[in-house]
Amino acid sequence: QVQLRESGGGLVQAGDSLRLSCAASGRTFGGYTVGWFRQAPGEERLFVAARSWSGGTTYYAESVKGRFTFSTDNAKNTVYLQMNSLKPEDTAVYYCAATFGVVMTSLPDYWGQGTQVTVSS
């Protein structure tokens, strides 16, 4: 069993930056693909970024490419999402996700509880 806990959300202005963190407990991320999704009010939950914990290509949604950066800290068993040049349309609850294997799906094995990001114009 893996427990995921996000932190780092908040209220910022357009153009600002935030860094989200996702710490895993219960086991390490080894063997998993980890990533981020977001869900705006009244919308479906959408993919943001993901990568195999062991490394390789990081995949990003087109809407965040060039602005968001996915990273990991193996020693801390933690995943990060650096969000720069934030826009009001980035406002959403951001969820950390982990699924066993090398491909992130829309139904990962584990979800975090979510952290709210609000970007004002």
Side-chain angles (χ1 to χ4, degrees):
Q1 189 76 5
V2 175
Q3 293 82 43
L4 306 176
R5 177 174 291 182
E6 303 97 333
S7 61
L11 171 63
V12 298
Q13 294 186 329
D16 285 350
S17 298
L18 277 176
R19 189 177 80 158
L20 305 183
S21 300
C22 173
S25 61
R27 61 155 293 156
T28 68
F29 277 128
Y32 283 76
T33 292
V34 294
W36 295 92
F37 289 73
R38 67 185 182 185
Q39 188 168 21
E43 304 287 334
E44 62 181 326
R45 193 169 297 186
L46 298 176
F47 170 81
V48 175
R51 196 196 73 198
S52 172
W53 183 253
S54 60
T57 302
T58 302
Y59 297 92
Y60 294 96
E62 284 296 326
S63 58
V64 306
K65 277 184 180 178
R67 300 188 299 121
F68 290 12
T69 303
F70 177 97
S71 64
T72 62
D73 185 327
N74 289 26
K76 295 182 178 180
N77 213 34
T78 299
V79 176
Y80 302 99
L81 187 69
Q82 177 68 41
M83 306 186 294
N84 298 330
S85 303
L86 283 161
K87 305 175 181 180
E89 50 264 43
D90 295 318
T91 295
V93 177
Y94 283 71
Y95 295 91
C96 180
T99 199
F100 189 76
V102 298
V103 178
M104 178 58 73
T105 74
S106 60
L107 292 174
D109 296 326
Y110 302 101
W111 291 106
Q113 84 285 352
T115 185
Q116 177 70 48
V117 172
T118 303
V119 185
S120 63
S121 58

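Values below: all heavy atoms of this structure, side chains included; hydrogens, waters and symmetry mates excluded.
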**OP:** Quick one: list whatever passes ring-ring contact (aromatic ring centres under 6.0 Å, His included) with Y95, sequence neighbours left out.
**Re:** none

Subject >> Contacts of V64 that satisfy side-chain contact (heavy atoms from CB on, under 4.5 Å) - sequence neighbours left out >> reply: R38, V48, Y60, A61, R67, F68

Subject >> Step-by-step side chain to side chain contact (heavy atoms under 4.5 Å, CB included) determination, R27 to Y32 >> reply: CA-CA 11 Å; R27 61 155 293 156; Y32 283 76; 3.4 Å; yes

Subject >> Crowding at CZ, R5 (>12 non-hydrogen neighbours, <6.0 Å) >> reply: no

Original post:
Between Q116 and T118, does any side-chain donor sit less than 3.5 Å from a side-chain acceptor?
Top reply: yes

Original post:
Take atom OH in Y59; do more than 12 heavy atoms of anything else shown fall under 6.0 Å from it?
Top reply: no

Original post:
Is there a path from V117 to Y80 through hydrophobic residues (I, L, V, M, F, W, Y) whose side chains come within less than 4.5 Å of each other?
Top reply: no

Enumerate, atom names and distances included, each donor-acceptor pair closer than 3.5 Å involving a side-chain atom of residues 14-21, sequence neighbours excluded.
| from | atom 1 | to | atom 2 | distance (Å) |
| --- | --- | --- | --- | --- |
| D16 | OD2 | Q13 | N | 3.1 |
| S17 | OG | N84 | OD1 | 2.9 |

Subject >> Least distance between heavy atoms, T115 atom then G9 atom >> reply: OG1-N, 3.2 Å

Original post:
Which residue pairs pass the salt bridge (charged side-chain N to carboxylate O under 4.0 Å, His left out) test when at least one of the two sits in residues 49-65, sequence neighbours left out?
Top reply: E62-K65

Subject >> For K76, the option from T72, V79, T78, N74 that meets side-chain contact (heavy atoms from CB on, under 4.5 Å) >> reply: T78

Original post:
Tell me, do M104 and F37 make a side-chain contact under 4.5 Å, heavy atoms counted?
Top reply: yes

**OP:** Give a yes or no answer on whether the side chain of S120 reaches the backbone of V12 with a donor-acceptor pair at less than 3.5 Å.
**Re:** yes

Original post:
For S52, which residues count as a side-chain contact (heavy atoms from CB on, under 4.5 Å) partner, sequence neighbours excluded?
Top reply: T33, S54

Original post:
Does T99 have any side chain to side chain donor-acceptor pair (under 3.5 Å) partners at least two apart in sequence or in another chain, and if so, which?
Top reply: D109

Original post:
When you look at Y110 and Q1, which way does the side chain to side chain contact (heavy atoms under 4.5 Å, CB included) test go after all the steps?
Top reply: CA-CA 9 Å; Y110 302 101; Q1 189 76 5; 4.0 Å; yes

**OP:** Could you please spell out the steps behind the side chain to side chain contact (heavy atoms under 4.5 Å, CB included) verdict for V119 and K87?
**Re:** CA-CA 6 Å; V119 185; K87 305 175 181 180; 5.5 Å; no

**OP:** Please lay out, stage by stage, how W36 and F70 fare under the test side chain to side chain contact (heavy atoms under 4.5 Å, CB included).
**Re:** CA-CA 9 Å; W36 295 92; F70 177 97; 3.8 Å; yes

Original post:
Rounded to the nearest 0.5 Å, how far apart are CG of L46 and CD of E44?
Top reply: 5.0 Å

Subject >> Short side-chain to backbone donor-acceptor contact, E6 and C96, under 3.5 Å >> reply: yes

Original post:
Which heavy-atom pair separates W53 from D73 by the least distance, and what is that distance?
Top reply: CH2-O, 3.8 Å

Original post:
Out of curiosity, F100 CZ to F29 CZ, how far, rounded to the nearest 0.5 Å?
Top reply: 13.5 Å

Subject >> Minimum-distance pair of heavy atoms, taken over all atoms of V93 and G114 >> reply: CG1-CA, 3.8 Å

**OP:** Please report the closest heavy-atom contact between S85 and D90, naming both atoms and the distance.
**Re:** O-OD2, 4.4 Å

**OP:** Mind listing the closest non-hydrogen atom pair of S121 and P88 along with its distance?
**Re:** CB-CG, 3.8 Å

